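Shown next, in C-alpha cells, is the structure this report addresses.
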2 protein chains.
Amino acid sequence: MSDQTYTISELAKEFGVTTRTMRFYEEKGLISPRREGQKRVYSSADRVRIKLILRGKRIGMSLAECVEVIDMYDPGHNNADQLHSLINTVQNRRQLLEQQKQDIDEMLAGLAEVQNLCESALGDIEESHS
Amino acid sequence: MSDQTYTISELAKEFGVTTRTMRFYEEKGLISPRREGQKRVYSSADRVRIKLILRGKRIGMSLAECVEVIDMYDPGHNNADQLHSLINTVQNRRQLLEQQKQDIDEMLAGLAEVQNLCESALGDIEESHS
DNA sequence: CATGCCGTTTACGTTAACGTCAAGTAAGGT
DNA sequence: ACCTTACTTGACGTTAACGTAAACGGCATG
C-alpha cells in the first residue's frame with residue numbers, strides 16, 4: 001500500500017521548487033500534509049497532488065484553477081444536479097485545453113518555419129565560403 | 001496593401017481587453033502604434049502583434065516571453081553566430097511547447113475519464129428511477 | 001558543548017499585469 | 001456656447017505567487 005512518506009525538502013528537491021513554495025501551497029489549502037509533532041509528513045497522495053498542481057502551472061493555470069481541476073477528480077458529487085454541473089465544468093475546461101492545444105500547434109508551426117529559414121540561411125553562408 | 005488602421009478601443013473590443021491593457025503593452029514596448037497628433041493609430045501589423053501576444057498569454061506565457069517569441073519571427077539576425085543562437089532558443093521554446101502539449105493531453109485524458117464516470121453515474125440514477 | 005543542518009512560524013518585500021481614479025484635450029453634434 | 005464621447009497622461013491601488021530574512025527548536029556529530 002504505497003505508504004511511503006516524504007519530508008518537505010525531499011519533495012521540494014524532487015519537483016524543483018522551494019520549501020517556501022510547499023508551505024505556501026499548504027497555506028492556500030492546496031495540500032494538507034499530516035504532522036508528526038511540528039514537522040510536515042507528506043504521503044504519496046500529497047505527492048500526487050503536488051505533481052498535478054505543477055502540471056497545471058506548466059500550462060499556465062493559476063493555483064485556484066489547479067485546485068478546481070484537481071477537485072474534479074475526487075468524488076463527493078452524489079446527486080444528479082451536482083453531476084450535471086460537474087460535467088459542465090469538466091466540458092468547459094476541456095474546451096479551454098483544446099484551445100490551448102491549438103494555440104500551441106500554431107506557435108510550433110511558426111517556430112518550425114523560423115528554424116527552417118535559419119538553417120537554410122546558414123547553408124547559404126557555408127556555400128559562400130567555398 | 002492592407003493599410004487598414006484601428007483605434008485603440010476598436011482593437012480592445014475586438015480582442016476583449018481594456019484600453020488600459022493596450023497602453024500597458026505599449027508602455028512595456030510590446031507594441032508601438034504610430035500617432036496622429038495625440039491619438040494612437042494601430043496598423044494591421046500592430047494588430048497581428050497583439051494577436052500573437054494574446055495567443056502567448058493563453059498558453060501561460062509572460063509578456064516577456066511573448067516578446068521573446070515574437071522577436072524570433074522577424075529578421076535582423078545576419079551572421080552565423082546569431083543564427084546559431086536563434087536556432088537554439090527556437091528549439092528550446094519548441095521543447096517547452098511539446099512538454100505543454102503533453103501536459104494538456106494528460107489532463108484531457110483525465111477529464112475525459114471523469115466525464116465518463118459522471119455520465120455512467122447519471123445513467124445509474126436514471127435506471128433506479130424506473 | 002558548540003556547530004551545523006533541518007525543520008518551524010511570522011512577517012515584510014517583490015514582481016507582473018493590469019485596475020481604477022483623476023484631470024485634461026480635441027472633435028463633433030445641437 | 002454647451003454637451004457628449006473618445007482619447008490622452010499620470011499616479012496610486014491590487015492580486016497572485018512566491019522570495020527573503022529573522023528568530024526559534026531539535027538532534028546528531030566532531
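None of these values were measured; they are calculated from a predicted model.
Nearest to the side-chain atoms of Thr21(A) among the listed nucleotides dC18(C), dC7(D), dC18(D) stands dC18(D). Closest to the side chain of Ser9(B), out of dT20(C), dT20(D), dA6(D), is dA6(D). Side chain of Thr7(A), nearest nucleotide from dC7(D), dA17(D), dG7(C): dG7(C). Comparing dC7(D), dG7(C), dA17(D) by their closest approach to the side chain of Ile8(A) singles out dG7(C). In this structure, the nucleotide among dG7(C), dT8(C), dT8(D) sitting nearest to the side chain of Arg35(A) is dT8(C).
Lys57(B) has a side-chain polar atom (N or O) that falls below the 4.0 Å cut-off from OP1 or OP2 of dC18(C). In this model, the phosphate group of dA17(D) is not approached by any side-chain N or O of Tyr25(A) to a distance below 4.0 Å at OP1 or OP2. Not one side-chain nitrogen or oxygen of Arg20(A) sits closer than 4.0 Å to the OP1 or OP2 atom of dT20(D). Listed pair Thr18(B) / dC18(C) fails the phosphate criterion, with no side-chain N or O lying under 4.0 Å from OP1 or OP2. Applying the 4.0 Å criterion to OP1 and OP2 of dT8(C), one finds that Arg40(A) has a side-chain N or O inside that range.
Rounded to an integer number of Å, the gap from CD of Gln38(A) to C1' of dA23(D) is 14 Å. Between the CD atom of Glu65(A) and the P atom of dA17(D) there is a distance of 9 Å, rounded to whole Å. Separating the CG atom of Leu63(B) from the C1' atom of dC18(C) is a distance of 9 Å, rounded to the nearest angstrom. To the nearest angstrom, C1' of dA11(C) lies 11 Å from CD of Glu27(A). Taking atom CD1 of residue Ile53(A) and atom P of nucleotide dA17(D), one finds them 11 Å apart after rounding to whole Å. Straight-line distance from the CZ atom of Phe24(B) to the P atom of dC7(D): 20 Å, rounded to whole Å. Atoms CE (Met22(B)) and C1' (dT8(D)) sit 14 Å apart, rounded to a whole Å. Phe15(B) places its CZ atom 14 Å from the P atom of dC18(C), with the value rounded to the nearest Å.
Using a 3.5 Å distance cut-off with no hydrogens or angles, the side chains of Asn78(B) and Gln82(B) do not pair a donor with an acceptor. Between the side chains of Gln115(A) and Arg94(B), a donor-acceptor pair is found at a separation under 3.5 Å. No hydrogens or angles considered: a donor-acceptor pair under 3.5 Å links the side chains of Asp46(B) and Ser43(B).
Within 6.0 Å of atom CD in Glu113(A), 12 or fewer heavy atoms from other residues, nucleotides or ligands are found, so the atom counts as exposed in its surroundings. At most 12 non-hydrogen atoms from other residues, nucleotides or ligands lie less than 6.0 angstrom from CD of Gln95(A).
Looking at heavy-atom distances under 4.0 Å, Thr19(B) makes no contact with the nucleic acid at all.
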